Amino acid sequence: MMLVPARKNDFFADFLSDPFDVFGGRPQAKQAMPAMMKTDILETEKAYEFDIDLPGFKKENVHAELQDGYLTIQASIESEAQEKGENGTYLRKERFTGSCRRSFYVGEDISEDDIRAKFEDGILRIVVPKKELPAPEDAKRLISIEG
């Protein structure tokens with residue numbers, strides 16, 4: 001008798017897509033890693049607020065960097081799932097390691113000290129202040145007429 005972990009996918013479709021995986025023992029890495037760093041960007045009068053979804057990530061594995069006007073967010077994850085029988089024999093043991101990265105152009109006038117970041121409940125919130133643009137000079141320029 002062989003025990004195989006239950007899968008909620010269609011066995012026939014999976015068999016056709018990967019003929020070497022006839023028993024369905026492939027790790028479900030798609031569930032461990034988010035599709036992409038889904039981001040909401042809100043523009044207020046004084047700043048841009050980024051809310052980046054990073055479910056399952058730990059704060060120490062999330063890094064933000066500013067270089068040449070680009071704000072780059074990088075996150076990595078390591079997970080391990082185990083199931084044991086009554087006597088401690090492994091029925092299944094899976095591991096997943098991965099990372100994702102995303103960049104946003106915020107301008108070269110912004111410095112690291114201007115940016116605020118907070119990681120809470122799987123959401124990285126970054127606030128990038130707007131820089132004051134120089135006031136445009138008077139559009140009308142009078143030309144003196146000699147005579």
Side-chain angles (χ1 to χ4, degrees), residues 4-84 88 90-147:
V4 178
R7 292 176 45 153
K8 295 184 181 185
N9 297 346
D10 180 12
F11 176 80
F12 186 69
D14 285 348
F15 177 76
L16 289 178
S17 65
D18 187 358
F20 299 104
D21 187 26
V22 295
F23 297 111
R26 175 178 55 203
Q28 295 294 320
K30 292 177 192 173
Q31 294 174 352
M33 190 69 171
M36 186 59 180
M37 301 166 76
K38 294 179 183 175
T39 304
D40 297 331
I41 303 173
L42 174 69
E43 180 179 10
T44 65
E45 260 185 56
K46 297 182 179 186
Y48 296 100
E49 297 177 6
F50 296 76
D51 283 344
I52 303 170
D53 289 349
L54 296 168
F57 288 89
K58 295 179 182 176
K59 179 184 170 190
E60 56 268 12
N61 295 336
V62 177
H63 305 283
E65 176 183 53
L66 181 65
Q67 184 175 9
D68 298 328
Y70 286 90
L71 174 63
T72 302
I73 312 303
Q74 184 169 345
S76 59
I77 189 169
E78 294 180 16
S79 68
E80 185 173 319
Q82 297 181 12
E83 292 182 18
K84 294 183 180 183
Y90 288 112
L91 296 177
R92 178 179 67 167
K93 188 173 181 180
E94 298 176 350
R95 289 164 214 68
F96 175 78
T97 302
S99 65
C100 53
R101 177 183 181 125
R102 193 147 186 211
S103 294
F104 303 93
Y105 185 75
V106 295
E108 295 183 20
D109 296 334
I110 301 292
S111 73
E112 297 86 8
D113 297 332
D114 298 329
I115 298 173
R116 293 188 332 258
K118 182 179 183 181
F119 187 73
E120 186 174 50
D121 297 329
I123 298 175
L124 176 62
R125 173 163 287 163
I126 298 176
V127 178
V128 178
K130 290 182 178 179
K131 287 290 188 173
E132 293 290 325
L133 297 176
E137 294 183 25
D138 190 2
K140 250 198 258 181
R141 296 192 183 231
L142 297 177
I143 300 172
S144 63
I145 302 174
E146 293 178 22

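Note that the coordinates shown come from a computational prediction; the quantities given were computed from them, not determined experimentally.
Taking CD of Glu78 as the reference point, atom CZ of Phe57 lies at 11.0 Å (rounded to 0.5 Å). Residue Ile52 holds its CD1 atom at 5.0 Å from CG of Leu124, rounded to the nearest 0.5 Å. Atom CZ in Phe50 sits 11.0 Å away from atom CG in Asp40 (nearest 0.5 Å). Note that CD1 of Ile126 and CZ of Arg116 are 11.5 Å apart. Values are rounded to the nearest 0.5 Å. The CD atom of Glu108 lies 11.0 Å from the CD atom of Gln67; values are rounded to the nearest 0.5 Å. Expressed to the nearest 0.5 Å, how far CG of Asp121 lies from CG of Asp53 amounts to 11.5 Å.
When each of Arg102, Arg101, Glu65 is paired with Gln74, the side-chain hydrogen bond (donor to acceptor under 3.5 Å, both in side chains) condition holds for Arg101 and for no other. When Thr72, Asp113, Ile110 are each tested for a side chain to side chain contact (heavy atoms under 4.5 Å, CB included) with Leu66, only one passes: Ile110. Lys130 pairs in a salt bridge (Lys or Arg N to Asp or Glu O under 4.0 Å) with only one of the listed residues (Glu49, Glu45, Glu43), which is Glu43.
Between Ala75 and Leu54 the shortest heavy-atom distance is CB-CD2, 4.0 Å. Contact detail for Ile77 and Gly56: the closest heavy-atom pair is CD1-O, 3.5 Å.
Looking at heavy atoms from C-beta onward, Phe104 lies in side-chain contact with Thr39 at the 4.5 angstrom threshold.
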